[in-house]
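Below is one structure; the comments refer to it alone.
Here is how names work: the chains are called A, B, and so on, in the same order as the sequence lines, proteins then strands, and each is numbered from 1.
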2 protein chains.
Amino acid sequence: MNMEMDKKDAENAPLDAEQFAAICKALGHPARVRIIKHLKAMDRCICGQIVEILPLAQSTVSQHLKQLKAAGLIRGEIEGMKTCYCLDHDALERFKRMAAMI
Amino acid sequence: MNMEMDKKDAENAPLDAEQFAAICKALGHPARVRIIKHLKAMDRCICGQIVEILPLAQSTVSQHLKQLKAAGLIRGEIEGMKTCYCLDHDALERFKRMAAMI
DNA sequence: CATGTTCATCGTAAAACGACGATATACGAT
DNA sequence: ATCGTATATCGTCGTTTTACGATGAACATG
């Protein structure tokens with residue numbers, strides 16, 4: 001009966017500062033914002049393409065991707081030798097809702 | 001003729017990653033999100049009240065306020081011995097618009 | 001099997017952050 | 001003038017972030 005309370009509460013909660021701050025922190029770097037923008041434009045793309053559009057070393061980009069993934073904003077699935085990243089649209093929507101109530 | 005181009009462009013730009021990331025970074029700490037929330041509830045309040053609602057030293061809170069001010073999200077005006085802080089609603093609106101187009 | 005490609009992780013160095021106590025500044029009150 | 005109050009800034013310390021090159025793991029190809 002109250003198994004779903006967490007989810008329900010989360011939807012109309014005033015705003016969880018910890019949660020919102022965590023996502024903002026993940027978006028708090030230009031490179032990561034550009035990654036999100038690019039994924040939005042491409043819908044999904046492989047890691048190599050993201051490395052190409054950023055003036056950063058491959059290892060650095062990989063770290064940024066890791067942070068975005070840890071924040072739940074993107075997902076990455078290994079496809080053979082490559083890794084394909086895409087947005088987590090639900091997470092982005094949650095972020096937008098939270099941002100709107102700031 | 002193009003003296004105002006900066007401003008115009010900023011209004012309908014797809015999204016300036018640097019700008020958006022800077023604001024997100026400022027919001028990337030729970031204490032600062034709580035400060036914003038509190039200012040939204042109170043509309044304006046003196047620094048001392050903010051210090052009271054956070055489990056942090058006064059100097060730490062002062063630093064967080066400084067970051068929020070540097071990001072343009074809040075303004076602070078000295079009123080005699082106290083300092084009164086309030087939200088910069090325009091900046092918040094710009095942030096919300098940017099967040100919505102992420 | 002050997003080699004090349006794609007990506008993640010490790011190790012590291014510099015910079016930035018977060019927190020605190022101590023101090024400085026500015027003002028009001030006595 | 002002195003004292004107390006409110007706030008900002010300084011100095012410091014430990015942690016985290018950002019960046020890089022080097023290395024490793026997984027897979028494809030010759």
Side-chain angles (χ1 to χ4, degrees), chain A residues 16-39 42-88, chain B residues 17-39 42 44-88:
Chain A
D16 183 347
E18 300 272 349
Q19 221 177 302
F20 183 62
I23 300 185
C24 283
K25 190 175 180 182
L27 292 172
H29 191 290
R32 293 195 289 270
V33 172
R34 283 195 206 103
I35 290 172
I36 296 288
K37 278 178 64 176
H38 190 248
L39 284 178
M42 311 286 288
D43 201 50
R44 70 202 315 274
C45 77
I46 61 167
C47 177
Q49 294 179 335
I50 300 172
V51 171
E52 277 170 16
I53 63 159
L54 293 173
L56 295 170
Q58 175 265 323
S59 58
T60 306
V61 174
S62 195
Q63 280 187 147
H64 284 306
L65 288 166
K66 194 177 179 182
Q67 286 187 62
L68 287 171
K69 201 157 63 175
L73 292 171
I74 67 174
R75 280 171 311 201
E77 47 186 82
I78 300 171
E79 293 184 354
M81 211 163 46
K82 324 209 172 172
T83 304
C84 190
Y85 283 99
C86 64
L87 295 180
D88 186 317
Chain B
E18 299 272 351
Q19 218 176 304
F20 183 62
I23 300 186
C24 283
K25 190 174 181 182
L27 292 172
H29 192 290
R32 293 194 288 269
V33 173
R34 285 194 204 103
I35 291 172
I36 296 288
K37 277 177 64 176
H38 190 247
L39 284 178
M42 311 284 288
R44 70 203 314 273
C45 77
I46 60 168
C47 176
Q49 295 180 334
I50 300 172
V51 172
E52 278 170 17
I53 63 160
L54 293 173
L56 295 170
Q58 175 265 325
S59 58
T60 306
V61 174
S62 195
Q63 280 186 148
H64 285 306
L65 287 166
K66 193 177 178 180
Q67 286 187 61
L68 288 172
K69 201 157 63 174
L73 292 172
I74 67 174
R75 281 172 312 204
E77 46 186 81
I78 301 171
E79 293 185 352
M81 209 161 49
K82 323 207 172 173
T83 304
C84 190
Y85 283 99
C86 64
L87 295 180
D88 185 317

Donor-acceptor pairs under 3.5 Å, side chain of residues 23-37 of chain B to any protein atom, not counting sequence neighbours: which ones?
{"unit_1": "B:H29", "atom_1": "ND1", "unit_2": "B:A31", "atom_2": "N", "d": "3.0"}
{"unit_1": "B:R32", "atom_1": "NE", "unit_2": "B:A26", "atom_2": "O", "d": "2.6"}
{"unit_1": "B:R32", "atom_1": "NH1", "unit_2": "B:H64", "atom_2": "ND1", "d": "2.9"}
{"unit_1": "B:R32", "atom_1": "NH1", "unit_2": "B:Q67", "atom_2": "OE1", "d": "3.3"}
{"unit_1": "B:R32", "atom_1": "NH2", "unit_2": "B:K25", "atom_2": "O", "d": "3.4"}
{"unit_1": "B:R34", "atom_1": "NH2", "unit_2": "A:E18", "atom_2": "OE2", "d": "3.1"}
{"unit_1": "B:K37", "atom_1": "NZ", "unit_2": "A:L15", "atom_2": "O", "d": "2.9"}

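- B:M81 is linked by a side chain to side chain contact (heavy atoms under 4.5 Å, CB included) to nothing, counting only residues two or more places apart in sequence or in another chain.
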Quiz item: In the 5'-to-3' direction, what one-character label does each nucleotide of nucleotides 18-28 of chain C receive under the scheme B = base within less than 4.0 Å of a protein heavy atom, S = sugar-phosphate only, - = no such atom?
Solution: SBBBB----BS
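- Residues that satisfy the side chain to side chain contact (heavy atoms under 4.5 Å, CB included) test with A:S62, not counting sequence neighbours, are A:Q58.
- Counting to the nearest Å, the P atom of C:dC7 and the CD1 atom of A:I50 are 9 Å from each other.
- On the nucleic acid side, DNA chain D has its first and last nucleotide under 4.0 Å of a heavy atom of chain B at D:dG4 to D:dT9, going 5' to 3'.
- At least one side-chain nitrogen or oxygen of A:Y85 sits closer than 4.0 Å to the OP1 or OP2 atom of C:dA8.
- Rounded to an integer number of Å, the gap from NZ of A:K82 to P of C:dA8 is 13 Å.
- In this structure, B:R75 has no salt bridge (charged side-chain N to carboxylate O under 4.0 Å, His left out) partners at least two apart in sequence or on a different chain.
- A search for side chain to side chain contact (heavy atoms under 4.5 Å, CB included) contacts involving B:A57 returns B:S59, B:T60, not counting sequence neighbours.
- Applying the ring-ring contact (aromatic ring centres under 6.0 Å, His included) rule to A:F20 yields the partners A:F95; only residues at least two apart in sequence or on another chain are considered.
- Scanning for side chain to side chain contact (heavy atoms under 4.5 Å, CB included) contacts around B:C47 gives B:V51, B:L65, B:Y85, with sequence neighbours left out.
- Using a cutoff of 4.0 Å between basic side-chain nitrogens and carboxylate oxygens, B:R44 and B:E79 are scored as salt-bridged.
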